[in-house]
Amino acid sequence: MSKIYGYARCSLAEEKGQDLNRQVRELKAAGAIEIFMEYEHGDAKVKSQQAQMFAQAQPGDTIIVLEVSRLARSTQQLCEIIDTVREKHLRLVIVGSITLDCRNGQADPMSEAFLQMAGVFSQLE
């Protein structure tokens, strides 16, 4: 049975004014059963909870995030994530934006291109 994971990330710790509660609520509403959360700068090369989520995900599973910028803040990072999604045969859902479904081992080229473009814009934020 496939699982649905959510990923929530903020750059600053809760005491600095950012919290993950809104993201968690919205991820649950979108269907996430298990949610990985962390406070880590978006440019960080290693996001431990994100890495754990991708390590745990099995073929056919779904990863849900609210915005591309929560997942990656550079085009390179996003391309690496897309490669992981493709290699592990996952489905990546950016809520209200785009779904990259690689459960059959391939991605729709238009979806992949659109996601990469979104990554470029998140880098500019």
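Everything numeric here is computed off the predicted structure, so don't read it as measured data. All values below come from the heavy atoms of this structure, side chains included, with hydrogens, waters and symmetry mates left out. Counting from 1, the numbers follow the sequence of the chain as shown.
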>> To check you understand the geometry: which heavy-atom pair defines the closest contact between L20 and C10, and what is its length?
In response: CD2-SG, 3.4 Å

> Does a donor on one side chain and an acceptor on the other come within less than 3.5 Å for S74 and Q76?
Replying inline: no

> Atom CG in L66, atom OG in S97: separation rounded to 0.5 Å?
Replying inline: 11.0 Å

> Heavy-atom distance under 4.5 Å between the side chains of L100 and I82, does that happen here?
Replying inline: yes

> Atom OG1 in T84, atom CD1 in I63: separation rounded to 0.5 Å?
Replying inline: 10.0 Å

> Going by heavy atoms in the side chains, are L78 and V68 under 4.5 Å from each other?
Replying inline: yes

>> Tell me which pairs pass side chain to side chain donor-acceptor pair (under 3.5 Å) where either residue lies in residues 57-66, with sequence neighbours left out.
In response: T62-R91

> Does any non-hydrogen side-chain atom of I4 lie less than 4.5 Å from one of I64?
Replying inline: yes

> Which residues pass the salt bridge (Lys or Arg N to Asp or Glu O under 4.0 Å) test with E80, sequence neighbours left out?
Replying inline: none

>> Could you work out, with salt bridge (Lys or Arg N to Asp or Glu O under 4.0 Å) as the rule, every residue matching R103, not counting sequence neighbours?
In response: D101

>> Please give me the minimum heavy-atom distance between G60 and S2, naming the atom from each residue.
In response: O-CB, 3.2 Å

> How many angstroms lie between CD in E40 and OG in S48, if you round to the nearest 0.5 Å?
Replying inline: 7.0 Å

> So, for A32 and Y5, which heavy atoms are closest and what is the spacing to 0.1 Å?
Replying inline: CB-C, 4.1 Å

>> Here's a test for you: under side-chain contact (heavy atoms from CB on, under 4.5 Å), which of E38, R9, M37 qualifies with Q49?
In response: E38

> Would M53 and E34 satisfy side-chain contact (heavy atoms from CB on, under 4.5 Å), going step by step from the backbone distance to the final call?
Replying inline: CA-CA 9 Å; M53 175 185 65; E34 184 173 345; over 6 Å; no

> So do the side chains of Q23 and Y7 get within less than 4.5 Å of each other, counting heavy atoms only?
Replying inline: no

> Looking only at heavy atoms, what is the nearest atom pair of F54 and V85, with distance?
Replying inline: CE2-CG2, 4.1 Å

>> Rounded to the nearest 0.5 Å, what separates atom CD1 in I35 from atom NZ in K28?
In response: 5.5 Å

> Any idea which heavy atoms bring L71 and Q50 closest together, and the distance?
Replying inline: O-NE2, 2.9 Å

